[in-house]
Amino acid sequence: MILVTGATGTIGSHVVRLLTERGLPLRAMSRRERPGGVRADFDDPASLARAVADVDTVFLVTVPPAPTADHDIALITAARAAGVRKIVKLSAIGTGERFDGATVGAWHLAAEEAIEASGLAWTMLRPPSFASNVLWHRALIQAGEPIPNLTGDSRQAVVDPRDVAAVAVAAMTDDAHDGQRYDLTGPQLLTSADQAAILEDVLERPVRITDTNALDHLPAEMATGIGWARAGGAAYVTDHVPRILGRPAGTFEQWAHDHREAFTALP
């Protein structure tokens, strides 16, 4: 039995789909009642105990309101008590790097260290920006307004979330990935301007960006991570996705083509 946390989210929903297609037993965890799922809250230990009962492997995704490892640690505690064997955690690129006197992804790092200390088998997935993040600005694109660019002229190997999910499933179903940290990048280094130009071609409408350095308005840990990326920290490509999946990593252009209708539908 595989427990998928964040089952309705960007990566978790794809993980659920892939596991279902393979006919693997899964339990989809979310904060609301869902058919075939389990309702649980990271702040409710009893609900977590129910969620991990009889589970072998957990796909761990947490999105706390403010950056903290508390939710990860709550799940780890419940998993150990229930006899869970393995955790595959969605972390973030750059976790543990130092930038401007601070630690990038400090809350992810604390969670990773707690998993390592738990005695459970583990795999850490560290993607950069998701291709799907541009959907956050769908309404601005539809209105012809510029979309904010927090990372300036820096480049990132933007990754298709479907690839991240596929690697997660591989890690959960093959012990060869135990004890590994994977930086799951796309195949190309792109600036925000590059992404906008690709979207223009795919959507056949203008897509503009506006530079903004609004880091002062973000939580300190988020600002550190964005500042690290803005300074070029995430400007690299790895072979982890193609090596694990046995095929090339998906491009941002292909993702945009596959999701073209999402930009034309009503918000």
What about [X] and [Y], same hydrophobic cluster or not, with Ile/Leu/Val/Met/Phe/Trp/Tyr joined at side-chain heavy-atom distances under 4.5 Å?
{"X": "Val84", "Y": "Met124", "answer": "yes"}
{"X": "Leu24", "Y": "Val4", "answer": "yes"}
{"X": "Ile244", "Y": "Val169", "answer": "yes"}
{"X": "Val202", "Y": "Val158", "answer": "yes"}
{"X": "Leu189", "Y": "Leu150", "answer": "no"}

Say you draw a straight line from [atom1] of [X] to [atom2] of [Y]; how long is it, rounded to the nearest 0.5 Å?
{"X": "Leu109", "Y": "Glu97", "atom1": "CG", "atom2": "CD", "value": "10.5 Å"}
{"X": "Leu190", "Y": "Arg155", "atom1": "CG", "atom2": "CZ", "value": "9.0 Å"}
{"X": "Asp70", "Y": "Thr62", "atom1": "CG", "atom2": "OG1", "value": "10.0 Å"}
{"X": "Ile87", "Y": "Thr123", "atom1": "CD1", "atom2": "OG1", "value": "10.5 Å"}
{"X": "Phe59", "Y": "Leu90", "atom1": "CZ", "atom2": "CG", "value": "5.0 Å"}
{"X": "Glu253", "Y": "Leu199", "atom1": "CD", "atom2": "CG", "value": "10.0 Å"}

Determine whether [X] and [Y] make a side-chain contact, defined as any pair of heavy atoms from C-beta on separated by less than 4.5 Å.
{"X": "Ser13", "Y": "Thr8", "value": "no"}
{"X": "Pro128", "Y": "Val159", "value": "yes"}
{"X": "His71", "Y": "Asp43", "value": "yes"}
{"X": "Ser132", "Y": "His259", "value": "no"}
{"X": "Ile76", "Y": "Ser118", "value": "yes"}
{"X": "Asp100", "Y": "Thr224", "value": "no"}
{"X": "Pro248", "Y": "Pro242", "value": "no"}
{"X": "Pro64", "Y": "Phe42", "value": "no"}

Audit row: Trp122, Val58, side-chain contact (heavy atoms from CB on, under 4.5 Å) steps and yes/no:
CA-CA 9 Å; Trp122 55 265; Val58 172; over 6 Å; no
What I want to find out is whether [X] reaches [Y] closely enough, with some N-O distance under 4.0 Å, to be called a salt bridge.
{"X": "Lys89", "Y": "Asp72", "value": "yes"}
{"X": "Asp175", "Y": "Lys86", "value": "yes"}
{"X": "Arg230", "Y": "Asp153", "value": "no"}
{"X": "Glu112", "Y": "Arg181", "value": "yes"}

Where do [X] and [Y] come nearest, in terms of heavy atoms and distance?
{"X": "Thr95", "Y": "Ala92", "result": "OG1-O, 2.7 Å"}
{"X": "Ala131", "Y": "Asp160", "result": "CB-CA, 4.4 Å"}
{"X": "Ala157", "Y": "Val237", "result": "CB-CG2, 3.9 Å"}
{"X": "Arg208", "Y": "Gly144", "result": "NH2-O, 2.7 Å"}
{"X": "Thr103", "Y": "Gly96", "result": "CG2-CA, 3.9 Å"}
{"X": "Pro187", "Y": "Thr251", "result": "CG-CG2, 3.8 Å"}

Within the distance-only criterion (no hydrogens, no angle test), does the side chain of [X] pair as donor or acceptor with the backbone N or O of [Y] below 3.5 angstrom?
{"X": "Asp258", "Y": "Trp255", "answer": "no"}
{"X": "Arg31", "Y": "Arg39", "answer": "no"}
{"X": "Arg27", "Y": "Val38", "answer": "no"}
{"X": "Ser47", "Y": "Asp41", "answer": "yes"}
{"X": "Gln142", "Y": "Phe263", "answer": "yes"}
{"X": "Ser30", "Y": "Arg32", "answer": "yes"}
{"X": "Ser91", "Y": "Leu125", "answer": "no"}
{"X": "Arg247", "Y": "Val241", "answer": "no"}
{"X": "Gln156", "Y": "Ala234", "answer": "no"}
{"X": "His240", "Y": "Tyr182", "answer": "no"}

Worked verdict on Asp56 versus Met1 for side-chain contact (heavy atoms from CB on, under 4.5 Å)
CA-CA 5 Å; Asp56 175 82; Met1 177 63 69; 5.6 Å; no
Should we say atom CD of Glu21 is surrounded by more than 12 heavy atoms from elsewhere, each under 6.0 Å from it?
yes
Would you indicate whether Arg80, at its atom CZ, is surrounded by more than 12 heavy atoms from other residues, nucleotides or ligands within a distance under 6.0 Å?
no
Checking side chain to side chain contact (heavy atoms under 4.5 Å, CB included) between Phe130 and each of Leu135, Val164, Asp163, which is the one that passes?
Val164
For Arg260 and His257, test the side chains for any donor-to-acceptor distance below 3.5 angstrom and give the result as yes or no.
no
Should Leu203 and Ile141 be marked as a side-chain contact (heavy atoms from CB on, under 4.5 Å) after you check the CA-CA gap, both sets of side-chain angles, and the distance that decides it?
CA-CA 10 Å; Leu203 302 180; Ile141 293 172; 4.1 Å; yes
Could you walk me through whether Asn149 and Ile147 pass the side-chain contact (heavy atoms from CB on, under 4.5 Å) check?
CA-CA 7 Å; Asn149 168 25; Ile147 60 179; over 6 Å; no
